[in-house]
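Contents: one structure, followed by commentary.
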There are 2 protein chains.
Amino acid sequence: MKIDDRKYMILQAIIDDYIMTAVPVGSRTISRKSGVGFSPATIRNEMSDLEELGYLDQPHTSAGRIPSAKAYRLYVDQLMKHTELNEEDTRRIQEHLNKRTAQVEEVIRQAAMVLSDMTRYTAVVSGPTAKEITIKRLQLVPVTDSAALLIIVTSTGMLKEKLIPVPEGADADQLYGLSKLLTESMAGKSLSEAREQLGNFGTKLGQHRELMSSVIDVLDNQLDGDASTPLMVGGRSNLLSYPEYSDVEKARSFLAVLESREKLGTLLRGNGVEFTVRIGPEIDIPEFADCSVVTASYHIGKDTTGTMGIIGPTRMDYARVMSVLNYMGKAISDLLSGDRE
Amino acid sequence: MKIDDRKYMILQAIIDDYIMTAVPVGSRTISRKSGVGFSPATIRNEMSDLEELGYLDQPHTSAGRIPSAKAYRLYVDQLMKHTELNEEDTRRIQEHLNKRTAQVEEVIRQAAMVLSDMTRYTAVVSGPTAKEITIKRLQLVPVTDSAALLIIVTSTGMLKEKLIPVPEGADADQLYGLSKLLTESMAGKSLSEAREQLGNFGTKLGQHRELMSSVIDVLDNQLDGDASTPLMVGGRSNLLSYPEYSDVEKARSFLAVLESREKLGTLLRGNGVEFTVRIGPEIDIPEFADCSVVTASYHIGKDTTGTMGIIGPTRMDYARVMSVLNYMGKAISDLLSGDRE
DNA sequence: TGTTAGCACTCTCACGAGTCGAGTGCTAAC
DNA sequence: GTTAGCACTCGACTCGTGAGAGTGCTAACA
């Protein structure tokens, strides 16, 4: 069976209506719509075809039809009209991001909040991670007699810091000297190169061996970037407004997934692609079987990227979500790049 | 009307039962309990009295009774048996906290997760804040040509750091020199004293005026400690398992409150008291009218404290919650103090 | 005087029957 | 190819009924 223009048109009308109402769409509803010049009976025939083709489902005989995951896929790929974000919304984003907080965590949190507020879905934003980080500077700042803060400044301007033990009695100037030494030998190296070099370096330094092993620990930890990347979620409660989640048990298990950093991580893993739309079963988390996830990336410099995701019901307003994400991606990129360059 | 021992006993039995089942308790149920030697009829008379005294409510004529907020208050203050945490649970806490992460944020997050897991309620944990912070050291670490990280090391070993702009071309050694200068003149001062002094100091330094005003900005920001304290929530989804939240709208507005840092802050504000129990209407957040909040403090050194809170239904298992919080308070105090001394 | 058995009463909850309405599929006519 | 007509289906809602749990009251008992 061929799928002709009229079928596309009807399918689009059904999806548009269902996105708005969440109520199965009947033939009369479509027929009444302006621009459709056919009677309910004709629509019914087409709908029957579309069902056979797998684009529509019927909850029960005497209800209307609802779009299948396959239909949403088609919708996102072909039918949907991409729009630009209107001026009011862009202003709103700028307003919320313009507080020069400079701290990545804070920006990420703000972004998650604004995204969820504007879409009325749930938003997840991850902090930036670099593919190829090289070290620019290592510095030790004394904190107590026996502990110092190790700060790693990277080529991308990103920072990692961690408290590590140092030999008692080391004073600020000594630590500064050591920092200079470390910086000189480490500058320009990637984290893993640095880690290796530090192994040799440490044995030479003798007395500082303990210190070095602490530094290595930190590097190891940072190499496993996932665990240390900030991850902010906004609008957890939003989804509960939709009839899809009128069942508390469903809502509960949905929220439980949001509490797992690990699962959120897989959700955001964007394969480096700029935009990703995953619909219902395409996400391999059973609790999200009737959710869709749209992700987008933002960039700082050449090779530092972060990901933002919007989680909503499969019948989400894809066009709006994508335009919001698109604009937000640029906004965050600008904001964070500006601070670091 | 006097409230005698038997009334206390019956009230306790009713509360204990209701905490377990969330179902209105009838006279027969109490009568059947071992240790109660009275017929349902006698119990009924006592229950009728307790209702008149305001300790029991009746959802409708032919249902059992449920404890009122007043009853829970009495329960917490007098009736409840305080218990020690059993060995298995203490081991579990130690296990989860023992990963020497050293980073406050991570410890706080872990604590929130363990607390919520162990109680099956929702947990909120705030980072430590000091009443009387004095500055021990200020240090600038170059990050890019025109930005540096300002690190404030305080008397309590706590750290605040923030990225600030610096004049272009300032190299690492210059910044280190400046750091030494700043540290010398600021050491031992409180944040607000430092802020004031910096005003004068800055005008003298001429060329560094801009830099100084950035430093002042940071201090101002840190003085308003609330905004910068980390705040972690665990087990958001837990409460949805309870019949109290079988209504989605209720669940939604509950979760919405959890998304507001501000409201969470007021929830935790413990007035410096070691333990706080607030029951239903005693919390002045309408969405929490049938919740209770139990908070406890942990301590680092003499004057640095943080707060942990458990949010559950009013019929929560207060005895368990308090014993878990009690132990966790000690555990966190030990963990964080150990790292910093 | 305190305790208990007995009993009528109340109210919720679960169940089933009946009705309504939205929507379908099919057929026949245009 | 399109449409009107019609019988049919199925969920949502309403109403009535009966069971069950629990109460309050009264009268009897120790």
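Chain letters run A, B, ... following the sequence lines, proteins first and then strands; every chain starts at 1. Predicted model, so just to flag it, every value in this text is computed and none were measured. Basis for what follows: all heavy atoms, side chains included, without hydrogens, waters or symmetry-related copies.
- In the set dC11(C), dC10(D), dT2(D), dT2(D) carries the atom at the smallest distance from any side-chain atom of Thr42(A).
- Although no hydrogens or angles enter the test, the distance criterion places no donor-acceptor pair under 3.5 Å between the side chain of Thr314(A) and the main chain of Gly280(A).
- Between Asn45(B) and Gly64(B), the residue anchored closer to the 5' end of DNA chain D is Gly64(B), taking for each the nucleotide with the nearest heavy atom.
- The listed nucleotides are dT24(C), dG24(D), dT4(C); the one nearest the side chain of Phe38(B) is dT4(C).
- Checked against dC11(C), dT9(D), dT24(C), the side chain of Arg44(A) finds its nearest nucleotide in dT24(C).
- Comparing dA5(C), dG24(D), dT2(D) by their closest approach to the side chain of Ser39(B) singles out dA5(C).
- Dashed line: the shortest gap from a side-chain N or O of Arg65(B) to OP1 or OP2 of dG24(D) is under 4.0 Å.
- For Gln58(A), the listed nucleotide lying nearest its side chain is dT24(C); candidates were dA21(D), dT4(C), dT24(C).
- Cation-pi geometry between Arg6(B) and Phe38(B) is satisfied (NZ or CZ under 6.0 Å from the ring centre, within 45° of the ring normal).
- Candidate nucleotides dA4(D), dC11(C), dG25(C) were compared by shortest atom distance to the side chain of Ser48(A), and dG25(C) ranks first.
- Thr295(A) contributes no side-chain N or O that, together with a main-chain N or O of Leu268(A), makes up a donor-acceptor pair within less than 3.5 Å.
- With dC11(C), dT24(C), dA4(D) as the choices, the nucleotide that has an atom nearest any side-chain atom of His60(B) turns out to be dC11(C).
- With dG23(C), dT9(D), dT23(D) as the choices, the nucleotide that has an atom nearest any side-chain atom of Met47(B) turns out to be dT23(D).
- Among the nucleotides dT9(D), dG25(C), dA21(D), the one closest to the side chain of Ser62(B) is dA21(D).
- Between Ser292(B) and the choices Ile283(B), Ile279(B), Ile310(B), Ile311(B), the side-chain contact (heavy atoms from CB on, under 4.5 Å) rule is met once, by Ile279(B).
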